[in-house]
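Computed from a predicted model, the values in this text were never measured in an experiment. Every chain is numbered from 1 and lettered A, B, ... according to where its sequence line falls, protein lines coming before strand lines.
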Amino acid sequence: MPELPEVETVRARLEPKLVGRRFEHVGIFDPRLTRPADPAGVAAELEGERVAALDRRGKYLIVRFESGRVLLIHLRMTGQLLHANGGRPPAGDVHRRAVVKLDDGSDVVYRDVRRFGTWQLLDEDDLLSYLAQRIGREPLVRSFTSKRLAEALEGRRAPLKSALLDQRRLAGVGNIYADEALWRARLHPLRPAGELSAEEIAALHRGIRAALRAGIARQGATLSNYRTPDGSPGRMQEEFRVYGREGEPCERCGTPIEKIRAGGRGTWYCPSCQR
DNA sequence: TTGGCGTCCTGGAGGC
DNA sequence: TGCCTCCAGGACGCCA
């Protein structure tokens with residue numbers, strides 16, 4: 001499930017392949033992929049566009065074109081962007097939803113098993129308002145201090161786990177890194193988000209940033225579908241402290257990791273050292 | 001305004 | 001072996 005570290009890895013790996021390149025031909029095969037649902041129209045509008053930059057905001061990839069327009073991509077659950085040096089695509093790949101042929105002869109293939117991912121072609125002004133309504137603070141920028149985190153959680157009665165998943169408050173944290181951050185901060189996922197002390201907020205701030213940085217350093221986590229653009233898996237899944245480790249001993253205190261539902265999502269935590 | 005839940009979607013796991 | 005059910009989860013809409 002691509003979260004901030006996975007999307008940042010895709011961005012960093014794809015950037016040198018995309019920037020300066022022109023979209024020579026675009027094929028979109030899934031009518032659900034584009035917003036609005038006009039794949040042929042979006043494909044036609046993308047053809048001829050030259051990439052000026054590849055950015056990320058939260059879990060969104062932002063392909064900026066020299067024309068001023070942007071392609072906003074969200075991978076959701078199982079979206080993949082793969083870069084290949086041309087040639088024939090693998091036969092029989094039923095999950096291939098779009099292919100962009102670049103002017104250097106290489107291809108960018110978009111695969112998505114569960115078809116939740118989205119592509120939106122927007123103008124710069126529309127992008128700003130679109131993201132402003134949906135995306136909160138970036139947790140890895142310098143200006144994201146523990147004071148900013150406290151502001152994001154202030155007054156919230158929702159469980160910490162739910163609050164961390166709320167993209168309008170904090171951008172890019174998903175189910176995996178929320179659990180990993182809460183373990184690092186020694187905080188129980190069901191604690192009311194607005195009732196943390198200053199010390200606990202500071203610990204959570206450190207935990208969020210440490211978990212996300214660890215994910216980026218290991219090229220993300222591959223549980224099922226996620227791959228970097230060259231097709232290789234991430235390594236963060238080898239470093240999970242709690243996520244998916246039900247019954248295994250907590251590496252801090254030895255207590256078996258437990259699994260509960262929080263915010264409608266599977267949630268793993270240590271019942272002894274997360275309070 | 002906030003929180004909780006259902007929906008979308010498909011593959012894999014597990015039970016029978 | 002084959003069929004069925006459940007589970008996974010990001011974003012969004014709806015309801016209380």
message = Under a 4.0 Å threshold between the charged nitrogen and the carboxylate oxygen, would A/Lys17 count as salt-bridged to A/Asp104?
response = no

request  = Would you mind classifying the nucleic acid contact of A/Met1 as base, sugar-phosphate or nothing, using non-hydrogen atoms under 4.0 angstrom?
outcome  = sugar-phosphate

task = With heavy atoms under 4.0 Å as the rule, sort A/Arg115 into base, sugar-phosphate or nothing.
result = sugar-phosphate

ask   = Within the modelled atom types, does a donor on one side and an acceptor on the other bring the side chain of A/Arg134 and the base of C/dA11 under 3.5 Å apart?
value = no

ask   = Checking all strands, does A/Arg168 fall into the base, sugar-phosphate, or nothing category for heavy-atom contacts under 4.0 angstrom?
value = nothing

query = With a 4.0 Å cut-off, would you call A/Arg157 and A/Glu195 a salt bridge?
reply = no

query = Counting just side-chain N and O atoms, does A/His74 come under 4.0 Å of either OP1 or OP2 of C/dG10?
reply = no

ask   = Is A/Arg11 paired with A/Asp55 through a side-chain N to carboxylate O contact shorter than 4.0 Å?
value = no

ask   = Has A/Arg265 got a side-chain N or O lying under 4.0 Å from the OP1 or OP2 atom of C/dA8?
value = no

request  = Tell me what A/Tyr177 touches on the nucleic acid: a base, only sugar-phosphate, or nothing, going by heavy atoms under 4.0 Å.
outcome  = nothing

key: Touch class at under 4.0 angstrom, heavy-atom based, for A/Arg261 against every strand present   = sugar-phosphate

ask   = Any chance the rings of A/Trp119 and A/Tyr110 have centres within less than 6.0 Å?
value = yes

query = Should A/Gln167 and A/Lys59 be marked as a side chain to side chain contact (heavy atoms under 4.5 Å, CB included) after you check the CA-CA gap, both sets of side-chain angles, and the distance that decides it?
reply = CA-CA 9 Å; A/Gln167 301 300 299; A/Lys59 301 175 193 173; 3.6 Å; yes

inquiry  = Students often get this wrong, so: under 4.0 angstrom with heavy atoms, is A/Pro159 touching a base, only sugar-phosphate, or nothing?
reply    = sugar-phosphate

Value in whole Å for how far the C1' atom of C/dG10 lies from CG of A/Leu223 = 15 Å

ask   = Has A/Tyr243 got a side-chain N or O lying under 4.0 Å from the OP1 or OP2 atom of C/dA8?
value = no

task = Kindly confirm whether the side-chain ring of A/Phe116 is stacked on the base of C/dG10, judged by centres under 5.5 Å and planes under 30°.
result = yes

inquiry  = Whole angstroms only, please: what is the CZ-P distance between A/Arg114 and C/dA11?
reply    = 14 Å

ask   = What is the distance from CG of A/Leu164 to P of C/dG9, rounded to the nearest Å?
value = 15 Å

message = Can you see whether A/Tyr243 has A/Arg241 sitting over its ring - NZ or CZ less than 6.0 Å from the centre and within 45° of the normal?
response = no

inquiry  = With a strict under 4.0 Å distance from non-hydrogen atoms of chain A, what nucleotide opens and what nucleotide closes the contacted stretch of DNA chain B, reading 5' to 3'?
reply    = B/dT2 to B/dG11

inquiry  = Rounded to whole Å, how long is the line connecting atom CD1 of A/Ile73 with atom C1' of C/dA11?
reply    = 17 Å

task = Establish, with yes or no, whether the OP1 or OP2 oxygen of C/dC7 is under 4.0 angstrom from a side-chain nitrogen or oxygen of A/Lys259.
result = no

query = Salt bridge check: are A/Glu238 and A/Arg218 linked by an N-O gap of less than 4.0 Å?
reply = no

message = In this structure, how many angstroms lie between the C1' atom of C/dA11 and the NZ atom of A/Lys59, rounded?
response = 9 Å

task = Rounded to the nearest angstrom, tell me the gap between atom CH2 in A/Trp268 and atom C1' in C/dC7.
result = 10 Å

message = I need the CG-C1' distance between A/Leu75 and C/dG10, as an integer number of Å.
response = 11 Å

message = By nearest heavy atom, map A/Gly264 and A/Glu154 onto DNA chain B; which one lands nearer the 5' end?
response = A/Glu154

request  = Describe the nucleic acid contact of A/Gly266 in one word from base, sugar-phosphate, nothing, applying a heavy-atom distance below 4.0 Å.
outcome  = sugar-phosphate

key: Nucleotide C/dG9, atom P - distance to CG of A/Asn225 in whole Å   = 13 Å

message = Does C/dG10 have OP1 or OP2 under 4.0 Å away from a side-chain N or O of A/Gln167?
response = no

query = Side-chain contact, heavy-atom cut-off 4.5 Å: A/Leu4 with A/Leu140?
reply = yes

